[in-house]
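Computation of the quantities below employed the complete heavy-atom set of this structure, encompassing side-chain atoms and omitting hydrogens, waters and symmetry-equivalent molecules. Residue indices begin at 1 and follow the sequence shown. Bear in mind that the values here come from a model prediction, so they are computed numbers and not experimental data.
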Amino acid sequence: MTAGPAQAPAPPRGARARGSAAEHFRLMADCAPVMIWVAGPDGRSVYFNRPWLDFTGRALEEELGHGWRDGLHPEDAPRCVAAYAEAFGALAPFEVEYRLRRHDGEYRWLLDKGVPLVTAGALSGFVGSCLDITDRMRAEQQARKREQDFKTLAENIPDVIARLDRDLRYLYVNRAAEHAFGRRPDELIGRRCGEAGMPPHVVAPLREAARRAFETREEQRFSFEDGRDPPGHFAGRVIPESGGEGRVDAVLVIVYDETARAREDERRAELLERERNARAHAESATLARDQFLAIVSHELRSPLNGIKSWTHVLENLLRDAEPSVRRALAGIMIGVDHQVRLIDDLLDVTRALSGNLGLAKQPMPLLPVLADAVESLRAMALEKGLRIVTDYAMGDREIHGDPDRVRQIFVNLLTNAVKFTPADGTVWVSARPEGAMARVEVRDNGSGIPPEFLPYLFDPFRQADQGSASRGQEGLGLGLALVQRLAELHGGYVTCESEGLDRGATFRVYLPLRRDSGTRRAVGGQPSAAAALPSLSGIRVLLIDDQREARESLGALLSQAGAAVNLAASGQEALAHLALGERHETPEVVVCDIAMPDEDGYATLKRIRRWESGHAARGRRPAIALSAFTQREDRIRALSEGFQMHLTKPVAPAELVTVIASVARGMRM
């Protein structure tokens with residue numbers, strides 16, 4: 001309902017007001033920003049201005065007298081009427097807050113202030129003004145709620161919460177301060193920082209951070225340790241609270257205990273340091289292991305070289321000896337070869353497991369390498385009474401691989417099959433393409449593999465009978481582990497099947513085929529140790545080796561082949577031979593051991609080359625390195641240091657004689 005025009009109040013009793021004054025009052029009241037009312041001495045309302053009527057949406061006639069009370073909130077009406085009555089009775093100003101219904105039905109909070117009009121000591125009425133304070137009250141309620149929420153939160157968290165004014169006086173402190181620093185909130189509130197007995201290690205960083213926060217109006221951080229043993233670690237933040245016009249009137253301080261986190265960080269750092277140390281120790285142990293194995297390999301190969309050479313010398317001297325002597329010599333050679341294979345497998349598996357086994361890959365036909373591996377084991381199989389049946393359907397298909405390592409895969413599998421197949425048994429070898437892979441299968445009808453051992457078959461040093469007091473076969477259990485690793489390094493894999501004990505076993509090796517396979521020259525095998533030695537007649541050889549057995553056995557071997565041999569135990573003796581010899585007696589070929597005391601083979605060769613540069617007429621003679629160090633980098637270094645060939649101890653006699661004959665022939669051409 002729309003309110004009608006407001007009417008001017010009746011003049012106070014006993015007074016006469018001109019019409020113009022009443023009109024001026026009405027206009028002024030209607031333009032006021034607040035609601036204005038006037039009541040007579042009896043308490044009945046006689047006037048409401050336009051803002052009041054617009055607020056209630058009622059006509060003036062409805063509001064006059066006690067009609068305005070209809071808009072009071074039921075809960076506030078008794079209190080409001082009582083305040084009016086008390087003020088009228090006491091002729092005193094009053095102030096009351098109540099809710100009044102607005103024209104849209106919403107109850108709004110009003111602040112009503114009234115003052116008495118007294119004329120000649122008698123009450124002539126009241127005049128009052130009302131201000132809508134709903135928004136302010138809601139803001140105050142929200143502020144109180146936020147304050148209450150803040151206090152509820154602050155009083156129930158383990159962090160210390162405080163508020164400081166510009167004089168660094170505590171305005172608020174929560175209960176956590178007592179637990180952290182032994183000071184109750186009532187002992188701190190109202191006192192300045194540093195005046196309430198707080199520990200100096202807390203006060204100093206807090207005071208400095210608060211000072212910077214007031215000066216810069218930016219958040220500051222600080223930290224400190226308490227006096228415990230071990231010390232507790234605390235961190236703090238000082239957050240400026242902006243007042244009017246950008247002024248910072250107070251700062252909020254938050255201090256939290258970081259002892260657990262700091263100790264966890266220390267524990268993690270300690271664990272990390274332990275891990276680093278463990279890794280360093282592991283790397284050091286790995287390096288020491290590799291060095292140890294290299295030394296062990298050298299020390300084992302060196303005497304084997306003498307045994308193998310002397311055996312071959314005896315074999316040539318006793319060609320017509322009785323069968324028992326020939327069998328004894330053959331047994332020695334078999335034992336030497338077996339020991340060499342064990343040493344090679346141990347070193348190769350160690351390198352493979354540590355990721356240091358390098359491959360010299362190249363396009364290569366698979367079949368010649370497989371056939372060569374089969375033929376190298378045929379004599380061993382015949383001696384045991386076994387048959388090796390082959391079925392090759394590979395043609396000239398190629399793989400990308402290291403010929404030596406691929407041959408090693410097949411030799412290890414065949415050796416394993418021959419070893420575990422009883423007399424009159426059979427080993428079947430087949431090869432054929434299967435999709436993009438070459439599949440090589442080695443099958444036997446031997447002792448088979450227990451089902452429970454199949455998952456561990458390719459583990460290093462694991463053997464099916466290793467828990468038995470009487471092992472059926474010799475070996476370290478490295479061959480199959482090496483087969484698996486070499487196959488993986490070539491991008492392939494190996495599988496095994498066995499139906500159980502005495503049911504044989506089937507190994508399959510899968511290697512990726514090259515797409516552009518073509519015909520390649522077959523990779524030949526090594527010369528047989530039992531073959532007759534080529535002739536070295538007329539060839540002069542200087543043999544340098546610090547070990548007597550190796551030196552003398554190889555000297556006898558080369559002499560049997562017809563060479564004129566000079567022996568030297570050191571580089572110094574070798575230079576003496578060169579310096580004293582006549583031109584026709586000067587050695588044509590130098591065979592030099594690498595690992596020698598005082599001066600190794602590399603240094604000896606350098607001295608020989610310097611001697612040759614001063615005797616240019618005698619030419620530069622080829623040099624062959626003979627070493628028990630067998631890694632690929634050892635061969636590379638020997639060639640880069642000036643040797644023409646690198647042979648590994650124990651060297652096959654036929655191989656050594658063939659190489660000497662070849663390099664000597666090349667020198668004479």
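- Of all non-hydrogen atoms in A176 and D159, the two that sit nearest each other are CB-O, 3.3 Å.
- To the nearest 0.5 Å, atoms CG (L480) and CD1 (I409) are separated by 12.0 Å.
- Contact check for L27 versus E23: side-chain heavy atoms found under the 4.5 Å cut-off.
- Looking at residues two or more places apart in sequence or on another chain, you find a side-chain hydrogen bond (donor to acceptor under 3.5 Å, both in side chains) between R101 and Y107.
- Annotation: K113, atom NZ; neighbour count of heavy atoms from other residues, nucleotides and ligands within 6.0 Å does not exceed 12.
- L60 is listed as a side-chain neighbour of L53, based on a closest heavy-atom distance under 4.5 Å.
- Contact annotation: the side chain of E258 never approaches that of F234 to less than 4.5 Å [non-hydrogen atoms, C-beta and beyond].
- Contact record, P93 with V115: CB-CG1, 4.2 Å, taken as the closest heavy-atom pair.
- Of the residues listed (R439, M437, E434), the one engaging R508 in a side-chain contact (heavy atoms from CB on, under 4.5 Å) is R439, and it is the only one.
- Residues L482 and Q408 meet the side-chain proximity criterion, which asks for heavy atoms closer than 4.5 Å.
- R79 has a carboxylate O that lies under 4.0 Å from a charged side-chain N of D76, or vice versa, which qualifies the two as a salt bridge.
- For R184 and E178, the salt-bridge test fails: no basic side-chain N is under 4.0 Å from an acidic carboxylate O.
- Residues C193 and V203 have side chains in contact (heavy-atom distance under 4.5 Å, counting atoms from C-beta outward).
- Look at E140 and R138 and you find no salt bridge, because none of the NZ, NE, NH1 or NH2 atoms lies under 4.0 Å from a carboxylate O.
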Worked check of side-chain contact (heavy atoms from CB on, under 4.5 Å) between I239 and I254: CA-CA 8 Å; I239 305 170; I254 305 174; 4.0 Å; yes
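- Atom CE of M28 sits about 6.5 Å away from atom CD1 of I36, to the nearest 0.5 Å.
- Counting only distance, with no hydrogens or angles, the side chain of S498 and the backbone of I449 share a donor-acceptor pair below 3.5 Å.
- Partners of E97 by side-chain hydrogen bond (donor to acceptor under 3.5 Å, both in side chains), not counting sequence neighbours: none found.
- The minimum heavy-atom distance between L164 and F214, with the atom names listed, is O-CZ, 3.8 Å.
- Using a 4.0 Å cut-off between a side-chain N of Lys or Arg and a carboxylate O of Asp or Glu, R163 and E241 qualify as a salt bridge.
- With values rounded to the nearest 0.5 angstrom, H400 atom NE2 is found 7.5 Å from R514 atom CZ.
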E95 vs L111, side-chain contact (heavy atoms from CB on, under 4.5 Å): CA-CA, chis, key distance, verdict: CA-CA 7 Å; E95 181 175 313; L111 173 61; 3.5 Å; yes
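- A donor-acceptor pair is defined here as one N or O able to donate and one able to accept, closer than 3.5 Å; no such pair exists between the side chain of D30 and the backbone of N49.
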Carefully, step by step, assess I133 and R136 under the rule side-chain contact (heavy atoms from CB on, under 4.5 Å). CA-CA 5 Å; I133 60 171; R136 189 194 73 186; 3.6 Å; yes
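- Residues F224 and V202 come closest through the heavy atom pair CE1-CG2, 3.6 Å.
- Ion pairing between E219 and R237 holds under the 4.0 Å rule for side-chain N and carboxylate O.
- The minimum heavy-atom distance between G114 and W37, with the atom names listed, is CA-CZ2, 4.3 Å.
- One finds the CH2 atom of W109 at 14.0 Å from the CG atom of D135 (value rounded to the nearest 0.5 Å).
- Ion pair E488/R485 flagged as a salt bridge, since at least one NZ, NE, NH1 or NH2 atom sits closer than 4.0 Å to an Asp/Glu carboxylate oxygen.
- The minimum heavy-atom distance between C496 and L457, with the atom names listed, is SG-CD2, 3.4 Å.
- For F88, the ring-ring contact (aromatic ring centres under 6.0 Å, His included) partners at least two apart in sequence or on another chain are F126.
- The distance from the CD1 atom of I189 to the CZ atom of R183 is 14.5 Å, given to the nearest 0.5 Å.
- Although no hydrogens or angles enter the test, the distance criterion places no donor-acceptor pair under 3.5 Å between the side chain of D167 and the main chain of R169.
- Using a 4.5 Å heavy-atom threshold, the side chains of D70 and R58 count as touching.
- Between E208 and R211, at least one side-chain N (NZ, or NE/NH1/NH2) sits under 4.0 Å from a carboxylate O, which counts as a salt bridge.
- Residues R108 and E106 are paired through a salt bridge, judged by an N-O separation under 4.0 Å between the basic side chain and the carboxylate.
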Do V509 and Y493 pass the side-chain contact (heavy atoms from CB on, under 4.5 Å) test, and can you show the C-alpha distance, the side-chain angles, and the key distance before you say yes or no? CA-CA 6 Å; V509 178; Y493 58 97; over 6 Å; no
For D112 and Y84: C-alpha separation, side-chain torsions, deciding distance, then whether side-chain hydrogen bond (donor to acceptor under 3.5 Å, both in side chains) applies. CA-CA 10 Å; D112 195 347; Y84 267 85; 2.7 Å; yes
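- Rounded to the nearest 0.5 angstrom, M35 CE and T56 OG1 are separated by 8.5 Å.
- Side-chain N/O atoms of W68 and S45 include a donor and acceptor closer than 3.5 Å.
- With contacts defined as side-chain heavy-atom distances shorter than 4.5 Å, the pair D132/L110 qualifies.
- Ion pairing between a basic and an acidic side chain is recognised when a charged N comes within 4.0 Å of a carboxylate O; R99 and E75 show such pairing.
- Residues K361 and H490 form a side-chain contact, since some pair of their non-hydrogen atoms from C-beta on lies under 4.5 Å apart.
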